[in-house]
Protein chains: 2
Amino acid sequence: MSYHHGGLRAALIAEGLRVARTGGAAALGMRELTRAVGVSPNAAYRHFADRQALVLAVALEAQDLLADAMRARIAPSASPLDRLRAVGLGYIHFARTERGWFELAILTRDDGPPGTNGPFPAPFQLLLDALDGLVASGGLPAARRAHAEWACWSTVHGFADLTTRGPLRRQDPATLDALASYVVDTVIEGLTSGGST
Amino acid sequence: MSYHHGGLRAALIAEGLRVARTGGAAALGMRELTRAVGVSPNAAYRHFADRQALVLAVALEAQDLLADAMRARIAPSASPLDRLRAVGLGYIHFARTERGWFELAILTRDDGPPGTNGPFPAPFQLLLDALDGLVASGGLPAARRAHAEWACWSTVHGFADLTTRGPLRRQDPATLDALASYVVDTVIEGLTSGGST
DNA sequence: GAGCAATGTTGACACCGTACACCAGAGTCG
DNA sequence: CGACTCTGGTGTACGGTGTCAACATTGCTC
């Protein structure tokens, strides 16, 4: 070993994930990461254009971790409605328990021309599937399916942000659990009850 | 003039507001701000403990600007329901049109012991008032008033974040306007329709 | 084995936040 | 009037950062 590290790129991402878990995105420094991996600062530039690129690479991993955590909370035998609940509550729970990773996971890379959204990230896809499942089971009128994902995501993501960086930051877990359920149920109620548009 | 500046503190905050409008919180640097005001970097430390303190002082101003913008969108003759809508849509509109200020306005200073939230910030108070008004007018059963603010704030704030930093960032304004109305109406529907809790 | 592309290293630059010691000016008191 | 002190500024310096340019080393291929 020594001069050529081998899997520097992977090693940097792995270390980044470790560091970001407690320190968030701000803790991902070129010098700090390369130091931890035992390599000179500039070595990283062979694998990442700049710091931002490294952060986004770590963010991609964090996004997968978020998706995994959400999937783990969906009971295979659950009803479509409960699956939708689990998606939302899983998102919120991950945000609360893995604050650093969550901060990364919701980082959006600005690629593509304005207007287009690339392939949807895995966590968002889980939400789309849950909504489609609800429609298929008759739990949500097909006519009301359009844009439902944005209502759900807004609420769940907003709650996650309030508990992560906002005024609910220091609330005790029990209260937050109850609030989370209430908030998720409220959007679902809004979606499924008989409004106009 | 010259050696003693006089209103350095106010001048720094004002300049900070100017800079942050386009650059967000990250643009608020000790050196940059003091340079713009024409003073040595360390002068700022007579008025702010550190950079964070300066940022929070500017954030407080931004919070007022947000509240003002929201108030400006509430028609005095509007129905309680429309007032609630205006509060949410005002919040979202401000986030979209004043991205830098918005980023500051939602910054929470971590004061106080865990569990307590200090006096509510002005924008949040507007939401509370709107909800109370809706209850008073019979538009919302008093039994369902509890925690309603968190459902509303989660949704509205989440949507604002999605359009500001998230996947809706590059969506065209017309689409966002429609989506915003839809999302706000969905939560309100969830609150007012006949659920359980 | 020679040449080459990939992947490291070293050194330097410009910038940042901030700690420490010092100085200018205004106000007060003997 | 002159000295004393308080407030709010200045200068210098330290350790940290991201990043560029030039150079060294290694493994792959002809």
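Computed from a predicted model, the values in this text were never measured in an experiment. Letters A, B, ... mirror the listed sequences (proteins, then strands); counts begin at 1.
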Measure from [atom1] on [X] to [atom2] on [N] and round the result to the nearest Å.
X	N	atom1	atom2	value
B:Phe48	D:dG9	CZ	C1'	15 Å
A:Leu8	D:dT26	CG	P	16 Å
A:Leu54	D:dT17	CG	P	14 Å
B:Leu12	D:dG9	CG	P	9 Å

>> Counting only side-chain nitrogens and oxygens, does A:His47 get under 4.0 Å of the OP1 or OP2 atom of C:dA6?
In response: no

Contacts under 3.5 Å, N or O only, protein and nucleotides 18-21 of chain D:
from   : atom 1 : to      : atom 2 : distance (Å)
D:dG18 : OP1    : A:Met30 : N      : 2.9
D:dG18 : OP2    : A:Met30 : N      : 3.3
D:dG18 : OP2    : A:Arg31 : N      : 3.0
D:dG18 : N7     : A:Arg31 : NH1    : 2.4
D:dG18 : O6     : A:Arg31 : NH1    : 3.0
D:dT19 : OP2    : A:Tyr45 : OH     : 2.9
D:dT19 : OP2    : A:Arg51 : N      : 2.8
D:dT19 : O5'    : A:Tyr45 : OH     : 3.1
D:dT19 : O4     : A:Arg31 : NH1    : 3.3
D:dC20 : N4     : A:Asn42 : OD1    : 2.7
D:dC20 : N4     : A:Asn42 : ND2    : 2.2
D:dA21 : N6     : A:Asn42 : ND2    : 3.1

> Roughly how far apart are B:Leu176 CG and B:Arg170 CZ, rounded to 0.5 Å?
Replying inline: 13.0 Å

> Would you call B:Arg96 and B:Asp177 a salt bridge, using N to O less than 4.0 angstrom?
Replying inline: yes

> Is the shortest distance from a Lys or Arg side-chain nitrogen in B:Arg18 or B:Glu15 to a carboxylate oxygen in the other one below 4.0 Å?
Replying inline: yes

> Choosing from D:dT10, C:dT7, C:dT9, which nucleotide comes nearest the side chain of A:Ala43?
Replying inline: C:dT9

> From the list D:dT17, D:dT10, C:dG8, which nucleotide is the closest neighbour of the side chain of A:Arg35?
Replying inline: D:dT17

Using residues 78-91 of chain A as the side-chain source, report each donor-acceptor pair under 3.5 Å to any protein atom, sequence neighbours left out, with the distance given to one decimal.
from    : atom 1 : to       : atom 2 : distance (Å)
A:Ser79 : OG     : A:Asp82  : N      : 3.1
A:Asp82 : OD1    : A:Arg85  : NH1    : 2.6
A:Arg83 : NH1    : A:Pro76  : O      : 3.4
A:Arg85 : NE     : A:Asp185 : OD1    : 2.7
A:Tyr91 : OH     : A:Trp153 : NE1    : 3.4
A:Tyr91 : OH     : A:His157 : ND1    : 2.9

>> The criterion is side chain to side chain contact (heavy atoms under 4.5 Å, CB included); which residues satisfy it with B:Thr97, sequence neighbours excluded?
In response: B:His93

> Among A:Leu162, A:Ile92, A:Val156, A:Thr163, which residue meets the side-chain contact (heavy atoms from CB on, under 4.5 Å) test with B:Ser154?
Replying inline: A:Leu162

